[in-house]
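Structure first, then comments.
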Amino acid sequence: MTAENKRSWFGKNLNSSSNTATPLSGWWIFGLCVAMIVGFTTLITLTCLAYVDKPPIPEQVVDTSGNTVFTGSDIRQGQEIFLSKGLMSNGTVWGHGSYLGPEFPALTLHRIGEQARNDYAFQFNKTYDQLSTEQKGAVDAKVIETIKANRFNPSKSVLTLTHSQVRAYQAEPAHWAEYFSNPGKNGGLKPNTITDPDELKKLSAYFTWMAWASAANRPGKSYSYTNNFPYDPTVGNTPTTVAFVYSVASILFLLGGIGLTLFIIGRHPEWDWHSPQNGTTPWLPAQMTSPSQKALVKFVVFVAFLFIMQCLVGGGVAHMRADPTNFYGINLAEYFSSSLLRTFHLQAMIFWLATGFATGGLFLSRVLGGKEMPRQAPLTNILFAALAIVVFGNVLSE
């Protein structure tokens with residue numbers, strides 16, 4: 001490879017005119033490859049670690065006397081109930097979901113802490129509010145010590161709950177029955193979303209297990225399976241030092257990387273890629289004349305319909321946060337729960353984006369191909385029919 005060729009690959013030829021098109025520097029391609037390799041390696045590694053280090057689901061959850069409180073099957077069925085009712089579109093679990101409702105395991109965890117606090121305060125024959133400052137400090141320390149202790153036996157796959165944790169679990173179904181009964185207090189869910197006592201128990205088992213995993217320390221660690229999320233200092237869940245370090249480091253690397261790139265380009269503009277000033281513009285027809293292009297008109301109308309649908313439904317979702325039972329005089333929750341509206345909102349966005357990309361691709365394929373392919377218009381119409389079946393079938397089934 002000659003020196004001239006090297007200059008054309010690794011950077012702009014300094015002797016060339018600024019009006020001449022130059023190839024993209026090989027260093028930018030090298031940098032892009034490094035960034036992608038490092039980035040995807042990090043993502044894949046973290047994903048694998050998330051599966052390897054996930055909190056265990058015990059086969060049996062027992063009290064201190066060895067009596068079964070609930071089972072691993074109850075936890076898994078509780079998760080299925082959570083998903084089947086669309087509760088991820090109402091509240092969150094470990095930060096994943098919507099924000100019309102609460103962080104479900106966080107509420108359960110806080111109630112477990114309150115139950116333990118009241119039980120330990122009873123040893124002084126007082127309520128927690130009646131305790132002195134010193135007594136409250138002793139009770140708070142005992143609560144944190146008890147809840148952070150990990151009583152899971154991996155060899156037997158048995159989790160032992162304390163007396164306070166069991167009492168808190170037993171009270172959970174009543175709390176959630178009340179929450180699901182009133183759309184005005186739960187962000188517009190369907191009235192009486194869950195009323196079956198067995199479903200409420202299994203859902204409570206799911207939330208109780210998540211609350212345990214949120215607070216109990218990992219074996220050999222000083223933080224929980226969720227890195228002390230959600231935040232609740234009453235049970236000892238406070239951000240770890242590592243969380244602060246990585247959060248700050250990620251911001252610094254992002255801003256520093258952008259700044260370094262702009263600095264280098266500012267000092268050495270000849271290293272950047274330059275497009276030719278006298279470039280050609282792609283040819284586009286003055287009007288759509290082919291049968292396949294005419295068949296795309298309904299795609300464009302459909303994209304507009306889905307976009308308007310997303311905007312209108314989004315207004316309804318936003319109103320659920322302010323007043324779930326009075327949408328301009330209409331109790332919207334009776335007909336469309338907030339979880340259903342939010343599902344429509346997200347699906348409409350996905351559908352109009354996908355339809356728009358498909359429309360653009362079909363239009364450009366005719367332009368760049370230069371000719372009409374056999375049966376291209378009928379196939380385009382069949383694709384539109386399939387798209388309509390998917391969209392409307394999806395909405396009706398939901």
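These numbers come from the heavy atoms of this one structure, side chains and all, not from hydrogens, waters or symmetry mates.
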For this session: Go through Q60 and V69 one step at a time and tell me if the side chain to side chain contact (heavy atoms under 4.5 Å, CB included) criterion holds.
Result: CA-CA 8 Å; Q60 292 287 330; V69 181; over 6 Å; no

For this session: Share the residues that join I44 in a hydrophobic cluster, the rule being Ile, Leu, Val, Met, Phe, Trp or Tyr side chains under 4.5 Å apart at the heavy-atom level.
Result: none

For this session: Would you confirm whether N326, through its side chain, and N331, through its main-chain N or O, come within 3.5 Å as a donor-acceptor pair?
Result: no

For this session: Enumerate the residue pairs fulfilling side chain to side chain donor-acceptor pair (under 3.5 Å) with a member in residues 202-213, sequence neighbours excluded, ordered by first and then second residue.
Result: Q77-K202, D198-K202

For this session: For the pair F305 and F392, name the ring-plane relationship: parallel under 30°, tilted 30 to 60°, perpendicular over 60°.
Result: tilted

For this session: Scan for ring pair (Phe, Tyr, Trp, His ring centres under 6.0 Å) pairs involving residues 35-79, sequence neighbours excluded, and state none if there are none.
Result: F70-Y169

For this session: Give a yes-or-no answer on whether the side chains of Y225 and N150 include a donor-acceptor pair shorter than 3.5 Å.
Result: yes

Exercise. Is it true that a side-chain atom of S157 and a backbone atom of P154 form a donor plus acceptor pair closer than 3.5 Å?
Worked result: no

Exercise. In the single-linkage hydrophobic clustering (I, L, V, M, F, W, Y; side-chain heavy atoms under 4.5 Å), do L109 and F152 co-cluster?
Worked result: no

Exercise. Do any N or O atoms from the side chain of R151 and from the backbone of T64 form a donor-acceptor pair under 3.5 angstrom?
Worked result: no

Exercise. Under the 3.5 angstrom rule, does the side chain of T193 hit a backbone N or O of L189 as a donor-acceptor pair?
Worked result: no

Problem set entry | Under 3.5 Å: donor-acceptor pair, side chain of S338, backbone of G187 | yes

Problem set entry | Heavy-atom closest pair, residues G113 and V143 | O-CG1, 4.1 Å

Problem set entry | Stacked cation flag R117 on Y128, 6.0 angstrom / 45 deg | yes

Exercise. With side chains defined as the heavy atoms from C-beta onward, is the minimum distance between N182 and E178 less than 4.5 Å?
Worked result: no

Exercise. Who else is in the cluster with L255 when I, L, V, M, F, W and Y are joined by side-chain contacts under 4.5 Å?
Worked result: I251

Exercise. Under a 4.5 Å cut-off applied to non-hydrogen side-chain atoms, are L87 and L203 in contact?
Worked result: yes

Exercise. Does atom CZ of F336 have more than 12 heavy-atom neighbours, drawn from other residues, nucleotides or ligands, at distances under 6.0 Å?
Worked result: no

Problem set entry | Pair S224-T226, side-chain donor/acceptor within less than 3.5 Å | yes

Problem set entry | Donor-acceptor contact below 3.5 Å, side chain N186 vs main chain Y179 | yes

For this session: Using atom types as modelled and distance alone, determine if a side-chain donor or acceptor of E103 lies under 3.5 Å from a backbone N or O of W94.
Result: yes

For this session: Enter the distance from D232:CG to L107:CG here, rounded to the nearest 0.5 Å.
Result: 10.0 Å

Exercise. Given the rule that I, L, V, M, F, W and Y join up when any side-chain heavy atoms are under 4.5 Å apart, are L296 and V303 in one cluster?
Worked result: yes

For this session: Determine, stepwise, if the pair V300 / T359 fulfils side chain to side chain contact (heavy atoms under 4.5 Å, CB included).
Result: CA-CA 7 Å; V300 177; T359 305; 4.1 Å; yes

For this session: Go through the steps for N90 and Y99 under the test side chain to side chain donor-acceptor pair (under 3.5 Å), then give the verdict.
Result: CA-CA 6 Å; N90 176 255; Y99 290 93; over 6 Å; no

For this session: Check each of L161, N118, D119 against R167 using the side chain to side chain contact (heavy atoms under 4.5 Å, CB included) test, and report the only one that passes.
Result: D119

Exercise. Checking side chain to side chain contact (heavy atoms under 4.5 Å, CB included) for the pair M210/T108: CA distance, chi angles, key distance, verdict?
Worked result: CA-CA 9 Å; M210 296 190 79; T108 300; over 6 Å; no

Exercise. What distance do S214 atom OG and I112 atom CD1 have between them, rounded to the nearest 0.5 Å?
Worked result: 9.0 Å

Exercise. With sequence neighbours left out, what residues match L262 under side chain to side chain contact (heavy atoms under 4.5 Å, CB included)?
Worked result: I258

For this session: Return yes if a side-chain donor-acceptor contact under 3.5 Å exists between D129 and T127, otherwise no.
Result: no

Exercise. When clusters are formed by joining ILVMFWY residues with side-chain heavy atoms under 4.5 Å apart, either directly or through shared neighbours, do V245 and V248 land in the same one?
Worked result: no

Exercise. Are any side-chain N or O atoms of T195 and backbone N or O atoms of N192, one a donor and one an acceptor, separated by less than 3.5 Å?
Worked result: no

Problem set entry | Test item: T162 and V166 side chains (from C-beta on) under 4.5 Å apart, heavy atoms | no

For this session: Would you kindly confirm whether M320 and M309 end up in one hydrophobic cluster when ILVMFWY residues are joined by side chain heavy atoms under 4.5 Å apart?
Result: yes

Exercise. Quick check: are there more than 12 heavy atoms from other residues, nucleotides or ligands sitting under 6.0 Å from CZ of F307?
Worked result: no

Which donor-acceptor pairs under 3.5 Å do side chains of residues 343-353 form with protein atoms, sequence neighbours excluded?
{"residue": "T343", "atom": "OG1", "partner": "S339", "partner atom": "O", "Å": "2.8"}
{"residue": "Q347", "atom": "NE2", "partner": "E398", "partner atom": "OE2", "Å": "3.0"}
{"residue": "W352", "atom": "NE1", "partner": "Q310", "partner atom": "OE1", "Å": "2.7"}

Seminar exercise, completed: Note: P183 and P324 closest approach over all heavy atoms is O-CB, 3.4 Å

For this session: List the steps, then state whether salt bridge (Lys or Arg N to Asp or Glu O under 4.0 Å) holds for D74 with K201.
Result: CA-CA 8 Å; D74 293 331; K201 286 182 179 179; over 6 Å; no

Exercise. Between P239 and Y231, which heavy-atom pair has the shortest distance, and what is it?
Worked result: CD-CD1, 3.7 Å

For this session: Starting from the C-alpha separation in whole Å, work towards a yes-or-no answer on side chain to side chain contact (heavy atoms under 4.5 Å, CB included) for N237 and K148.
Result: CA-CA 9 Å; N237 264 16; K148 297 300 273 184; 3.1 Å; yes

